[in-house]
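Take a look at the structure below.
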Amino acid sequence: MHAESSRWHWLLALPVVLPLLTFLYDSEEPALFGIPFFYWVQLLFCVLSSATVTLVYLLSRSGR
């Protein structure tokens with residue numbers, strides 16, 4: 001593994017740490033289409049996690 005590609009792997013900490021900071025999204029408002037904030041932010045974290053993993057994969061793969 002190259003040192004340059006391993007730098008991108010630090011981005012993978014974001015999808016792990018961000019959902020653990022519950023004080024950021026521990027509320028019901030603002031609701032989105034009647035869904036409380038807590039629930040739609042959890043779904044947003046899933047989408048952002050997938051995007052982050054894809055981005056790190058592409059960036060670390062291009063270094064080969």
Side-chain angles (χ1 to χ4, degrees):
M1 183 178 297
H2 301 290
E4 183 179 328
S5 67
S6 66
R7 281 191 306 199
W8 293 114
H9 293 156
W10 283 102
L11 284 174
L12 295 174
L14 289 175
V16 174
V17 173
L18 199 58
L20 293 174
L21 304 174
T22 56
F23 63 88
L24 294 175
Y25 56 92
D26 185 20
S27 67
E28 292 185 13
E29 295 295 327
L32 181 68
F33 304 116
I35 302 171
F37 182 71
F38 179 82
Y39 293 111
W40 65 262
V41 167
Q42 289 289 320
L43 184 59
L44 181 65
F45 284 152
C46 292
V47 173
L48 290 176
S49 296
S50 298
T52 303
V53 169
T54 303
L55 178 69
V56 169
Y57 172 74
L58 293 174
L59 289 174
S60 62
R61 187 168 180 240
S62 66
R64 291 183 182 181

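A quick note: this is a predicted structure, and the numbers were derived from the prediction, not measured. What you see below is based on every heavy atom in this structure, not just the backbone, and it leaves out hydrogens, waters and symmetry mates.
Using a 4.5 Å cut-off on side-chain heavy atoms (C-beta onward), L18 and L24 make contact.
Considering CG of L55 and CG of L12, their distance stands at 9.5 Å, rounded to 0.5 Å.
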Show me, pair by pair, the donor-acceptor contacts under 3.5 angstrom made by side chains of residues 29-46, not counting sequence neighbours?
| unit_1 | atom_1 | unit_2 | atom_2 | d |
| --- | --- | --- | --- | --- |
| W40 | NE1 | P30 | O | 3.1 |
| Q42 | NE2 | Y25 | OH | 3.0 |

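Residue L14 comes nearest to P19 through the heavy atom pair O-CD, 4.0 Å, listed as atom of the first residue, atom of the second, then distance.
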